[in-house]
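What follows is a short report on a single structure.
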Amino acid sequence: MLLLHYASRAGLHVRATTISSVPSLQEGDVRHTFCRRQQRNEALSECRYSHDEGLPDLDKRVIYLDQFAVSELYKTKSKTRKPGAAHEKFWQDCYAAANRAYLRQQVIFPISNLHADETIVWHSPEELRLAHEMFSGETSLERTEVIAAEQEWQFAEAYIKKQPAPAISFNVDDILTGERNVWLPVFHINVNSNMSIFAPGIRSDRATAEASLQDLADQWAQKKPTFDEVLKHELNAYGPAMRQALVAQIKRNEAAMASNDPSSVLQLSFNLINRYQQLTDLFIKSGTPRNAAFNEVLKFLDWPENHFQPAHRIFAYLFAALAWRISSGQRTAMKASILNDFNAIATYAPFVDAMFVDRQCASLLTQGRLRSEISYRAKIFSMNDPNAFIGYLDDISEQAPPEIVMLSKDLYGAT
């Protein structure tokens, strides 16, 4: 049900932004009322008639946009792209197509933690965050590490029961915060949060990851490993990598707590500590003696069936494909952002309907072994064939039933 009258709240430091006529939005614009009423010569401000009206059911597609696409759409909408910048026509057409499908209630473009981190270090984070929120359908994707932990938990339950790798459900609604199939509210309210305090840490982590990736690429170029060699190493590295990450988190927390620097509190993180404490509790509840439970968790991490954890497996295949290309002499500039891209694809591709990703990632996914040995739901788009993405969005818009098209035009000004 859509309540057709809205009232503003006094005393809240918020910014309200209309959904209707999104392309011409100005910050601070608010449309307080939408009123279906009998034809009469009364001014809107004097209208006293209102009612609730049932709206048709929806089934929206879920599309993941990488950070590059989000920023390009924002710059197109805000008219801040540099004159003559590459692909100007495409991004104009892409924004129009995406906005049309969105206002017709056919698609959402949810936010993830990967977007949030990238936005913090962008030059205009608040504006970019709002622009993405206005395309999100009031939804966000579950954090990547939470999804990976849930998959690990299901594999741990199978390990305890001495069963093979479990079948994982990929219902997108299970990883969405917010309701996918609700009509957009008439206005969006967001509270500005200054996250700039986290920017130095994010930049530092990115620089460390990029240096490590460069060193690894140098080794691949020198030693020329095969695809199978890297894939085997990556699949088998699950246990060692998780143990190493857990030890690193504990040491980092200890150093932060021992420091006299108040800002060191920003370095505290407990996600892995909590994750493996919960797994230890699972083993105890399943009958493992308390003093042996954590060692059993460590043994579980080396279980060969973990090769089939979806997020781990897809990431490993992408990593092996990248290594093979570099070992074959096809090296390109190595940036830490590619690890975020791999993480996004490995985590969300099995759930969402489509993804617009980096050219290189899209190309890696077309490599023969990746096409035949890993599976996921998402259709993959990139700047390698940009018009295919516009065609996909247009097809989604055209699938909207006439009644929804009419109501979307009335409510949001959709074309």
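Quantities reported herein were computed from a predicted structural model and do not represent experimental measurements.
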- With under 30° as parallel and over 60° as perpendicular, where do the rings of F315 and F342 fit, or are they tilted in between?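 It falls in the perpendicular class, over 60°.
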- Residues E72 and K75 bridged, charged N to O under 4.0 Å: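 K75 and E72: salt-bridged.
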- Message: Less than 4.0 angstrom from a charged side-chain N to a carboxylate O is my criterion; do D353 and K379 meet it?
- Response: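 Looking at D353 and K379, the cut-off is not met.
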Which atom pair, heavy atoms only, marks the closest approach of [X] to [Y]?
{"X": "A156", "Y": "L282", "answer": "CB-CD2, 4.1 Å"}
{"X": "F300", "Y": "F283", "answer": "CB-CZ, 3.9 Å"}
{"X": "Q367", "Y": "W324", "answer": "OE1-CE3, 3.8 Å"}
{"X": "A316", "Y": "E234", "answer": "CB-CB, 3.8 Å"}
{"X": "N306", "Y": "H312", "answer": "O-CD2, 3.4 Å"}

Taking the six-membered ring where the residue is Trp, are the ring centres of [X] and [Y] under 6.0 Å apart?
{"X": "W91", "Y": "F68", "value": "yes"}
{"X": "H115", "Y": "Y64", "value": "yes"}
{"X": "F381", "Y": "F356", "value": "no"}

Rounded to the nearest 0.5 Å, what's the gap from [atom1] on [X] to [atom2] on [Y]? Could you check?
{"X": "S269", "Y": "I250", "atom1": "OG", "atom2": "CD1", "value": "11.5 Å"}
{"X": "Q249", "Y": "I273", "atom1": "CD", "atom2": "CD1", "value": "4.5 Å"}
{"X": "L393", "Y": "R61", "atom1": "CG", "atom2": "CZ", "value": "10.5 Å"}
{"X": "L231", "Y": "L318", "atom1": "CG", "atom2": "CG", "value": "10.5 Å"}

For [X], is the [atom1] atom crowded, meaning more than 12 foreign heavy atoms sit under 6.0 Å from it?
{"X": "Q92", "atom1": "CD", "value": "yes"}
{"X": "Q399", "atom1": "CD", "value": "yes"}
{"X": "Q222", "atom1": "CD", "value": "no"}
{"X": "K224", "atom1": "NZ", "value": "yes"}
{"X": "D57", "atom1": "CG", "value": "no"}

- Task: With F135 as reference, evaluate I63, N99, I108 under the side chain to side chain contact (heavy atoms under 4.5 Å, CB included) test and give the passing residue.
- Result: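 By the side chain to side chain contact (heavy atoms under 4.5 Å, CB included) criterion, F135 pairs with just one of I63, N99, I108: N99.
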- Message: List the residues meeting side-chain hydrogen bond (donor to acceptor under 3.5 Å, both in side chains) with H307, not counting sequence neighbours, and say none if there are none.
- Response: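 Residues passing side-chain hydrogen bond (donor to acceptor under 3.5 Å, both in side chains) with H307: N236.
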- Query: Checking salt bridge (Lys or Arg N to Asp or Glu O under 4.0 Å) for the pair R275/E152: CA distance, chi angles, key distance, verdict?
  - Reply: CA-CA 10 Å; R275 174 169 164 175; E152 182 183 66; 2.8 Å; yes
- Dump the intermediate steps for salt bridge (Lys or Arg N to Asp or Glu O under 4.0 Å) on R100 and E398, then the final yes or no. CA-CA 10 Å; R100 182 169 175 248; E398 293 305 317; 2.6 Å; yes
